Every structure is written in C-alpha cells, then in structure tokens.
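Have a look at the structure below before the remarks.
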Amino acid sequence: MSDFDYDLFVIGAGSGGVRAARIAAGYGAKVAVAEEFRIGGTCVIRGCVPKKLYVYASRFAEDFEDAAGFGWNVPPARFDWPTLVAAKEKEISRLSAIYATNLEKAGVEMIAARATLEGPHAIRLSTGKTVTARVILVATGGAPAMHPAIPGVELAISSNEIFDLPQFPARLMVVGGGYIAVEFASVFARLGSQVTQVFRADNVLRGFDEDLRAGLSEAMTHAGVTLKAGLLPTHIERAAGCLRVALSDGSTVDVDQVLIATGRAAYTAGLGLEAAGVGLRHNGAIIVDERSRTNVPSIYAVGDVTDRINLTPVAIREGHAFADTVFGGKETIVDHRHVPSAVFTTPEIGTVGLTEEEARREYEVVDIYKSTFRPMKATLSGRAEKTIMKIVVCGHTDKVLGVHVLGHDSGEMAQLLAIPIRMGATKADFDATMALHPSAAEELVTMRTRSARYERGKA
Ligand code: NDP
C-alpha cells in the first residue's frame, strides 16, 4: 500500500497536464487531475483552437471579394458575430468533452476544484479536502499580463474575453505587437472592425525575421489595420458610448473595446509554491531542469508555467516526457531546438530555425536566399499581396539554419520544413529536391541565387 492518496496529482487540465496524466495512468499510476475552469486549458478553450476558427471566419471576407476575379458573382455578404461565437462554443465544448472522456478512459480521477500546494506532497482543494501524492505536477499554464498598468486598464479586455464578447466591436484597439496582438488585429479587421494597433516597438513581431515583419505590417495596413508604432496607451476612460484611449503622443482614439495583448505570465500566483519551497524565476515562472523537475524532488512542472517555449505542442511533449521518465522507466529529455511556429495572421507567417539576425550573431559566414513574389491566386483576384520566403544557410557547412515564410499556408510549410532542418539538411539537399508545380512552396527548392553573404568582421 502506498503512503499517499495518489501516485501523481496534476494541477491543471490543459495540454501538458492532460497528456502527463493520461500517460502516467497508462503506466499503472493512480492519477488525479484538478482543474478550476474547463478541461482542455488555454489552447482548447481560449487560445489556439478558437483563434484558428476565428481566423478561418475572417478569411471568407477576402475569399468573397477574390471570387469575382474567377467569374463568380457573389452578392454582398453579411457577417453575424453571435453565429460564430455559438459555433465556436459548440466545437470547444465537443473537444473539452473528448479530453474528459480520454482522461476517464485512462482511469484518471478528475477533480473540479482549485488546488494549492501545502507541502512537497500535500495538496489542498477548494472543496476543503487535503490530499497527498508521491509526485505532483504543476501544469497551470499562463495568464494574460495586462501591461502597461495605466489608469482605466480595468476597462480593457484580454484574449480570455475577446472570443465571447456579447457585441461585435465596430472599433477595436489592440495593444501589443506580439503573436496574439497581430492575430486578433488581422481577424477583427477582416470581420469588419475598424482596428487600431498600438505597440511600443518600431514594428510588430519583435524577434521575427525583419523582412517578414516589414511584409506583414504592409499587409496589415493594406487590410485596413491602423498601425501605431512606438506608442503606448496612457489612459482609458468611458466616454459617450465608447472607450476613449489616450496615447503617449497626446492623441486620443475612441473605440468600443480595448484588447490588451502584451504577453502572458506564468500562472503561479496563489498556488502555494512558496509554502512547498519551489523556486521561481523573477517573472514568476517555475524553475525546472531538463526533466521538468523543480528544486523540490517530488514536484515537477511542464508547459507555459515554466516559460520555456510557450507553445501547445511543447507542453504536450514535456508532459509526455515527464510521464515516460517518472512513471514509465523511460528517461526522455525534450529537445527544444528546431521548434516550428506560425503566426496566424492573413497572410500567415511560418518559421523554423534561426532568423538572419540570430544566424549572423552565431555563425561566421551566413548566406541568405530570398524570394518575393505575387502568389498565383492574386493574378486573377487582383489582390495586392506578396509572398516572402527566406532561407538562412551556414556559409561554411551549407547547412540550412532557418526558413521563414510570409504567405498563405506557411504554417503548414513550417511544420514540414522542421523535419529536414532538424535532420541537418543542407541547401544542396533543398536544391536536389524536385519541385512541385504549381505551388508556392516549390520556390523553397528552386532558389539558386544567393541574395547576400555575411562574413563576420567584413562590412
Ligand atoms: P508576445 O510575447 O508575443 O508579445 C508581447 C507584446 O507585448 C510585444 O509586442 C511586447 O512588446 C509587448 N509588451 C510586453 N510588455 C509590455 C509592456 N509592459 N508595455 C507595453 N507593451 C508590452 O506575447 P503574446 O501575448 O502575443 O503571446 C504570448 C505567447 O503565447 C507567445 O509568446 C507565444 O508563445 C504564445 N502564442 C502563440 C501563438 C501561435 O503559435 N500562433 C498565438 C498566440 C500566442 P516588445 O516587442 O516591445 O517587447
């Protein structure tokens, strides 16, 4: 008989926690998972999944317009926000139920309560009960960080609320220039909002390839988003029938909603981590080793709460590896390199590996291959848009260090590009690969002319 109520107690039923619970239970562990909100976590309930559904909704706007160039006569289309919200709700409820069923089938006990740590093996539930576990996994994810802390910020919403707004915002201000900000600006502009995006940097998506950043901001402006770089809101107040936002240049903008998308923070506050002696970084994220173990031997953490790479598939991998290592007798270390990612704007960004700037910092000689072209569909639709592709190559070894694409379906491309890049493919391997015609991706294997070579120490 174990001295504990459970072999594993998981706090948080998001992507990482659910995977860890299911796999550990499969190894015969007695597992419980506590969730205070809905099974599925940010990704399923108010992140990746509903976001992508809204991205699809937004793209019909251009499809209807583009159809004319292909001979279609489309009557003026009308968008109905409540229909989309209800359809989204139905789908995420379905997915949440599947997650719950899978946990149940695996024999995991689900506890609808908030859980806090009381020690290295003790958990207190909001129901009042205290339970014990040999191993505890913290998988509580992250929560929106509402920056800057200006007067009236409580009138603004975060990405948690935007999916279910009772009324469609005819005028929307988006604060921030990261993933969430550009994605929602792109979605709402296409659904019919007048969008103003305000961010402190000189351009959106700091850290992404510079050519892609420039291409995206051009596309967003073209889609009707008013980009205000180098500014921040200083004050939000209610005015007649609107929210009035004062900006750092002294101007004001009247809108119906203000979406703050200035990053997410690890959701560790009030979890009792201090009581259990768990070490945190200055930003509140849990410090873990490569096995996702904290400084307390019985407590582990996976996913956004550890602030390593805050993406769903990474959390899933970390949760799975934790269960394999701790309960399956299969030591598994997650490889956090070559993680592809996409930004679901329109057009979207797909990227894997080093940017040109990163490669130039790390490598002596860097070769750049770049192509900018009009997508084939735009020839008949007449839409002014361009696709940008960039391949970053090590000038010494010919190894492809990174690929960056702005264009339709580039997220799909990035997923597949991650395979050769992870395997160490060279530019010669790309060149030796037969093109698939006509496609946009064929450009990735037909770029022969180097657009630039950077040698360290040479201008
Ligand atoms: P990001 O880190 O991507 O962007 C944060 C933005 O907020 C940046 O523009 C940043 O500016 C700005 N910012 C940060 N602090 C302040 C401040 N104090 N005042 C003003 N502006 C500030 O965060 P997101 O919230 O967009 O997304 C969180 C994470 O979620 C992402 O990093 C990603 O890991 C994940 N995610 C992934 C998606 C995907 O894969 N498609 C989609 C959505 C989220 P600056 O650049 O100047 O620092």
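As the structure lists them, so they are numbered: ligands from 1, and atoms in each ligand from 1. Since we're looking at a predicted model, the values are computed, not measured.
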For [atom], the protein heavy atom that lies nearest, with its residue and separation:
atom	result
atom 18 (N) of ligand 1	H147 CB, 3.2 Å
atom 29 (C) of ligand 1	R264 CD, 4.3 Å
atom 35 (C) of ligand 1	N310 O, 3.5 Å
atom 37 (C) of ligand 1	Y179 CD2, 3.5 Å
atom 47 (O) of ligand 1	R200 NE, 2.9 Å
atom 5 (C) of ligand 1	G263 N, 3.6 Å

Handout entry: Test item: V403 and V392 side chains (from C-beta on) under 4.5 Å apart, heavy atoms
Key =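 Answer no - side chains too far apart.
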Exercise for the section: Answer yes or no: is there a side-chain heavy-atom contact under 4.5 Å between I111 and F9? Expected result: yes
Can you confirm, on distance only, whether ligand 1 has an N/O atom lying under 3.5 Å from any N/O atom belonging to [X]?
X	result
G178	yes
A342	yes
G176	no

Numbering as shown, the atoms of ligand 1 that approach [X] to under 4.0 Å (heavy-atom distance):
X	result
E183	41 (N), 42 (C), 43 (C)
L232	20 (C)
L311	37 (C), 40 (O)
G177	6 (C), 8 (C), 9 (O)
I180	24 (P), 25 (O), 26 (O), 27 (O), 43 (C), 44 (C)
R206	45 (P), 46 (O), 47 (O), 48 (O)
K51	41 (N), 42 (C)

Under a 3.5 Å threshold, yes or no: a donor from one side chain and an acceptor from the other, between [X] and [Y]?
X	Y	value
E210	H404	no
S292	R308	yes
E183	T345	no
H408	E385	yes

Completion exercise
Ranking V314, T262, T42, V175 by closest non-hydrogen atom to atom 21 (N) of ligand 1, top hit is T262
Exercise for the section: Over all heavy atoms of both residues, which pair between G14 and E35 is shortest? Give the atoms and the distance, please. Expected result: N-OE1, 4.4 Å
Exercise for the section: Mind listing the closest non-hydrogen atom pair of F60 and Y56 along with its distance? Expected result: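 In this case the closest contact between F60 and Y56 is CD1-O, 3.2 Å.
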Problem - Polar side-chain atom of R238 near backbone of R244 as donor-acceptor pair, under 3.5 Å - result: no
Exercise for the section: Verify, without hydrogens or angle tests, whether R213 (side chain) and N203 (backbone) share a donor-acceptor contact under 3.5 angstrom. Expected result: yes
Practice task
May I ask whether A261 has any heavy atom positioned less than 4.0 angstrom from an atom of ligand 1?
Solution key: yes
Exercise for the section: If the plane angle is over 60° it's perpendicular, under 30° parallel, otherwise tilted; pick one for Y54 and F163. Expected result: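 Perpendicular, since the angle between the ring planes exceeds 60°.
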